[in-house]
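The block underneath contains the structure these notes are about, expressed in structure tokens.
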Amino acid sequence: MAALKVIDVHFEHYRTKDTLGVHETTPRLSWQEYEVKLSKISSDGQVQDVCCEKKVSIDTYLVLWPREEPIRVLGKGKTQHTAWSEPATIEAGLLERKEWSSQLISAPWAEETDKPLPEDLFRKTFNISSNIQSARLYITAQGLYEAELNGKRIGNYFLAPGWSSYDARLTYQTYDVAQLLCTGENCLGVRVAEGWFKGRIGFGGGKRNTWGSRTTLLAQLEVKLQDGTVQVIHTDNTWSVVQGPTRLAEIYDGEKYDARAEVPGWSSPGDASGEWVCAQVLPMLAESIELTAGYSEPVRRIETSKPIQLIITPSGKTILDFGQNLVGYVRIKAVKGPRGVTVTLTHAEVLEANELGTRPLRFCKAQDMYTLKGDEEAERYEPRFTFHGFRYVQIDDWPSTAGNLLEAVEAVVCYTDMEERGTWACSHEGLNKLFSNVRWSMRGNFLSIPTDCPQRDERMGWTGDLAVFSPTANYIYGCYSILRDWLKDLWYDQQQMGGTPPVVSPNNLKSHKTWGKPHDVTVLAPWALWEETADPAILSQQYTSMLAWLANIPKNKRGSIHLWDPDIFQFADWLDPSAPPEEPMKATTDPSLVANAYLIHSLDITARIAEILGQADDAARLNSEAARARLEFAAEYVSLNGLLVSDTQTAYALGICFDLLRPHQVAHAGNRLAEIARCNRFRVGTGFAGTPFICEALVKTGHNDIAYAMLLNQSCPSWLYPITMDATTIWERWDSMLPDGSINPGEMTSFNHYAYGAIAKFMVERVAGLQQLEPGWKRTRVRPEMGGELTWATTQHLTPYGLVSSSWALKENLNEKGAFELQIDVVVPPTTTMEVILPGASGPKTEVVGSGKWSFSARYER
């Protein structure tokens with residue numbers, strides 16, 4: 001028998017590659033499993049494997065910090081512990097302000113506020129007198145930065161330090177730079193650009209200087225020498241600064257890079273060319289600003305993609321098609337041409353009339369420009385301080401001698417480096433493409449924060465989008481850390497507004513006082529994280545935010561006093577397909593009905609959160625308030641037999657899924673919902689608020705056939721219509737592109753918006769049949785709802801306890817028409833249990849199994 005083995009030791013919710021410089025003192029530990037391999041040795045010495053089972057101890061997830069020692073276990077029935085686990089390392093950063101000896105520095109010209117400024121190059125030369133034991137660089141900026149040491153780039157972060165509510169929280173990063181240092185003279189160089197902090201942000205032309213009027217740099221290099229002494233190089237007035245070759249660095253408009261203005265040797269030891277001046281020292285960050293490592297994974301350049309086609313448009317323009325709507329930028333791998341020639345790259349998501357479709361970008365140029373220096377060798381360029389949402393790139397003024405354009409450029413895909421956790425597939429290629437589109441939209445819109453869209457003059461952290469998408473997001477990617485950071489900022493912004501959440505966070509719309517207050521994300525996003533991880537820390541972190549939101553909702557003063565004030569603006573069922581292109585809030589469902597349904601849903605969840613956190617008085621009060629609001633909702637909107645005053649898909653979907661109806665009303669409501677869908681020829685009639693629940697409501701009330709008819713519909717509006725139009729991401733509107741190939745006339749039209757992708761949760765739970773019964777996936781159920789002529793479906797998800805999966809397939813019985821054999825294969829993670837529900841002649845049959853791989857079969861009739 002092989003020895004037991006502890007594997008996959010990790011800390012908190014960090015990925016193993018992101019544990020340097022964390023903001024933790026006693027991180028909790030987790031490990032998934034250890035393996036037992038049984039082998040049989042015959043008399044002639046041959047070894048035959050008998051089985052390999054996976055076992056774990058009872059307590060392996062988020063175990064309180066013990067001491068600085070490895071992990072080993074004692075197997076059941078064994079008298080000796082296992083060998084120690086492989087080392088898992090974690091290192092704290094600078095946990096307190098007093099650990100920072102550096103000063104905040106800036107360029108003397110940085111306070112110009114009326115126009116975008118070029119990047120600044122900062123440098124500092126220094127000597128290391130003896131051999132190096134270790135070295136850490138702690139660094140951040142008000143703006144964006146990229147650092148180099150002795151001419152080599154430090155780390156692989158993109159757009160560091162990321163976007164946060166800068167007046168509350170500024171994150172710093174930690175880099176191990178020992179391998180880049182040498183004894184003798186060294187040089188640390190840092191590029192700093194405006195980014196979100198100072199650059200133009202917001203629609204309608206946006207606003208500059210939202211969080212500050214000048215960019216700054218804060219850096220501290222700590223070098224531990226072999227003799228144990230520590231040499232510290234910090235930012236101060238001995239640093240020098242000059243403007244760099246990136247002449248424009250804007251989030252929306254892109255970069256202008258003039259290679260003729262490069263400063264040779266700027267980050268290398270020795271003298272550097274250029275007119276360098278002393279950096280200006282500024283007062284340190286206010287104590288009210290938390291200087292923290294944060295919790296999120298960084299944004300990184302994750303993968304590259306080659307263009308699949310070169311298009312010459314009717315007007316003679318050259319456009320490259322990358323085959324996928326993505327977020328990132330285009331890298332010029334090689335270009336040769338005369339000095340002073342400027343190559344322009346213009347990005348867009350779609351073509352219209354066979355030309356680049358830039359109208360949806362609004363006040364956003366989405367343009368990168370590279371001016372050649374005329375080297376004999378091929379030149380190379382990639383942006384550092386901008387990103388774009390695009391599938392197509394128009395390239396103007398490409399030198400004719402530069403070679404094959406298809407080989408000379410590539411797209412670089414960028415997003416927050418979350419761990420991919422969930423996959424899904426089935427026998428219907430349209431649905432497979434739909435799930436892929438959901439995945440791509442999430443990737444593109446989880447860039448530093450969860451955004452609404454990645455391409456136009458917006459790209460902001462809209463709260464309503466995440467409120468409906470967060471359960472799906474948690475299945476596809478491990479997004480606990482990025483959302484934990486974002487929710488901290490949301491609570492800060494909420495406090496600045498007297499307890500009412502902003503519509504976007506970080507809140508760059510502080511002057512927009514006309515917006516409504518439908519921000520149940522304060523409850524729904526933490527709850528989704530709890531359901532995924534069973535970690536109460538996120539509930540504790542956001543509990544005050546939830547209570548403040550519920551306490552600040554303007555209530556009706558004319559009757560139903562536990563419901564919303566009906567005169568308040570509501571986003572309602574945003575982008576209902578019946579809404580006019582220029583009035584996306586004008587849905588068919590009563591806005592107050594939608595708001596009040598979500599209010600009761602949030603009250604229910606917050607009461608459960610209070611119980612989890614041991615807040616019994618709050619739980620009782622919230623349950624009482626929810627009960628009264630439910631009664632008032634019924635009086636306002638529900639007939640005695642279960643019909644709703646808004647006779648719409650969204651109204652019935654919310655009523656059924658949020659338990660707003662009495663038991664005897666549910667069946668009647670479900671029948672009416674099915675009839676509405678049937679009369680609408682199975683096309684979708686929901687906006688952001690209703691879409692996550694429409695198919696689920698149909699299945700809950702026994703209308704599987706209608707749910708599948710809607711899911712598989714290809715007419716507009718539907719989930720598969722965009723795929724018939726060659727969509728590779730989820731659209732903002734059901735008809736962002738009209739059937740004739742023209743772009744929707746609405747001013748607000750994105751081709752990369754994840755909200756409607758919330759249907760993926762239904763695809764996992766009902767089509768593939770994998771359902772979560774307890775937070776953290778401790779108990780699961782597999783019960784697929786077959787339909788739509790699908791013959792197989794499969795999904796798998798990496799849970800805190802290991803991989804869980806469900807796969808089913810139908811095999812036709814050739815001897816009996818309409819009869820099939822249903823085969824279900826499941827994988828159950830260690831220390832968890834699963835219910836498998838099988839069809840039977842006398843009703844469903846339930847099998848309960850523990851960890852391992854299991855197969856089941858049953859007769860099934862369509």
Side-chain angles (χ1 to χ4, degrees), residues 424 426-428 430-431 434-435 468 472 573 576-578 587-589 594 597 638-639 641-644 646-661 663-724 734 756-769 771 783-791 793 808 810 818 820 822 837 839 844 860-862:
W424 188 94
C426 75
S427 57
H428 191 288
L431 293 183
L434 174 60
F435 192 87
V468 297
T472 300
D573 198 22
D576 169 330
S578 66
T588 55
T589 308
V594 173
V638 187
S639 72
N641 64 358
L643 297 182
L644 282 91
S646 283
D647 195 35
T648 65
Q649 291 183 16
T650 289
Y652 287 104
L654 298 183
I656 292 166
C657 291
F658 289 175
D659 295 324
L660 301 176
L661 308 175
H664 71 276
Q665 297 173 324
V666 172
H668 195 52
N671 291 339
R672 179 56 189 153
L673 174 59
E675 182 62 21
I676 292 171
R678 189 179 293 109
C679 290
N680 200 37
R681 291 179 290 173
F682 309 111
R683 293 173 300 177
V684 175
T686 56
F688 282 17
T691 294
F693 305 104
I694 177 62
C695 287
E696 177 64 18
L698 288 164
V699 169
K700 284 173 73 75
T701 53
H703 299 285
N704 297 25
D705 55 337
I706 306 296
Y708 265 100
M710 291 188 69
L711 182 64
L712 296 174
N713 195 346
Q714 295 185 359
S715 301
C716 183
S718 68
W719 285 284
L720 296 189
Y721 164 72
I723 292 169
T724 69
W734 294 111
Y756 290 141
I759 188 61
K761 183 174 186 286
F762 175 85
M763 295 162 66
V764 167
E765 294 182 348
R766 295 300 193 173
V767 179
Q771 302 165 24
R783 185 175 186 170
E785 304 287 349
M786 276 75 71
E789 303 300 318
L790 268 64
T791 57
W808 63 265
L810 290 174
F820 297 82
L822 171 64
I837 313 297
Y860 176 77
E861 294 184 10
R862 286 197 186 275

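On a predicted model such as this, the values are computed, not experimentally measured, just so you know.
Expressed to the nearest 0.5 Å, how far CG of Asn671 lies from CG of Leu643 amounts to 10.0 Å. We find the CG-CH2 distance between Leu434 and Trp719 to be 8.5 Å, quoted to the nearest 0.5 Å. Expressed to the nearest 0.5 Å, how far CG of Leu654 lies from CZ of Phe693 amounts to 6.5 Å. We find the CG-CE distance between Leu720 and Met710 to be 11.5 Å, quoted to the nearest 0.5 Å. With values rounded to the nearest 0.5 angstrom, Cys695 atom SG is found 12.0 Å from Glu785 atom CD. Here the CZ-CD distance, from Arg783 to Gln771, works out to 8.0 Å after rounding to the nearest 0.5 Å.
Using a 3.5 Å distance cut-off with no hydrogens or angles, the side chains of His664 and Asn641 do not pair a donor with an acceptor. No side-chain N or O of Thr589 forms a donor-acceptor pair with one of Ser646 less than 3.5 Å apart.
For the residue pair Leu673 and Ala653, the shortest heavy atom distance occurs at CD2-N, 4.4 Å. Closest approach of Ala669 to Gly642, counting heavy atoms only: CB-O, 3.5 Å. Contact record, Ala707 with Val699: CB-CG2, 3.9 Å, taken as the closest heavy-atom pair. Annotation for Met763 and Phe435: closest pair CE-CB, 4.1 Å, computed over non-hydrogen atoms. When all heavy atoms are compared, the tightest approach of Trp734 to Thr686 is NE1-O, 2.8 Å. Here the closest non-hydrogen pair linking Ala768 and Pro784 is O-CB, 4.0 Å.
With sequence neighbours excluded, no residue forms a side chain to side chain donor-acceptor pair (under 3.5 Å) with Thr472. In this view, Lys761 and Glu765 satisfy the side chain to side chain donor-acceptor pair (under 3.5 Å) rule, not counting sequence neighbours. By the side chain to side chain donor-acceptor pair (under 3.5 Å) test, Thr588 is found to be paired with Asp576, residues two or more places apart in sequence or in another chain being considered.
Counting only heavy atoms from C-beta outward, the side chains of Pro839 and Glu861 never approach each other to under 4.5 Å. Looking only at side-chain heavy atoms (C-beta outward), Trp808 and Leu790 come within less than 4.5 Å of each other. Side chains of Leu711 and Phe762 form a contact here, defined as non-hydrogen atoms less than 4.5 Å apart. Counting only heavy atoms from C-beta outward, the side chains of Asp705 and His703 approach each other to under 4.5 Å. Val666 places a side-chain heavy atom less than 4.5 Å from the side chain of Thr701. Proximity of Leu661 to His668: side-chain heavy atoms (C-beta onward) are nowhere separated by under 4.5 Å. Contact annotation: the side chain of Asn704 never approaches that of Met786 to less than 4.5 Å [non-hydrogen atoms, C-beta and beyond]. The closest side-chain heavy-atom distance from Val767 to Tyr708 is below 4.5 Å.
Asp573 places a side-chain N or O within 3.5 Å of a backbone atom of Gly690 that can act as its donor or acceptor partner. In this structure, the side chain of His428 engages the main chain of Leu431 through a donor-acceptor pair within 3.5 Å. Proximity of a side-chain donor or acceptor of Arg683 to a complementary backbone N or O of Asn680 within less than 3.5 Å is detected. Side-chain atoms of Tyr652 come within 3.5 Å of backbone N or O of Leu644 as a donor-acceptor pair. Distance alone, capped at 3.5 Å, is enough to place a donor-acceptor pair between the Gln649 side chain and the Gly685 backbone. Looking only at distances, a side-chain donor or acceptor of Gln665 sits under 3.5 Å from a matching main-chain atom of Ser639. Distance alone, capped at 3.5 Å, places no donor-acceptor pair between the Asn713 side chain and the Ser718 backbone.
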Item to check | CA sep, side-chain torsions, deciding dist, call: Asp647, Ile676, side chain to side chain contact (heavy atoms under 4.5 Å, CB included) | outcome: CA-CA 8 Å; Asp647 195 35; Ile676 292 171; 3.6 Å; yes
Next on the checklist: With salt bridge (charged side-chain N to carboxylate O under 4.0 Å, His left out) as the criterion, how do Glu675 and Arg678 come out once you've worked through the C-alpha distance, each side chain's angles and the decisive distance to 0.1 Å?
Outcome noted: CA-CA 5 Å; Glu675 182 62 21; Arg678 189 179 293 109; 2.9 Å; yes
Checklist entry - Does the pair Thr650 and Val594 meet the rule for a side chain to side chain contact (heavy atoms under 4.5 Å, CB included), with working shown? => result CA-CA 8 Å; Thr650 289; Val594 173; 4.2 Å; yes
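Below 30°, between 30° and 60°, or above 60°: for Tyr860 and Phe820 the angle between ring planes is between 30° and 60°, a tilted geometry.
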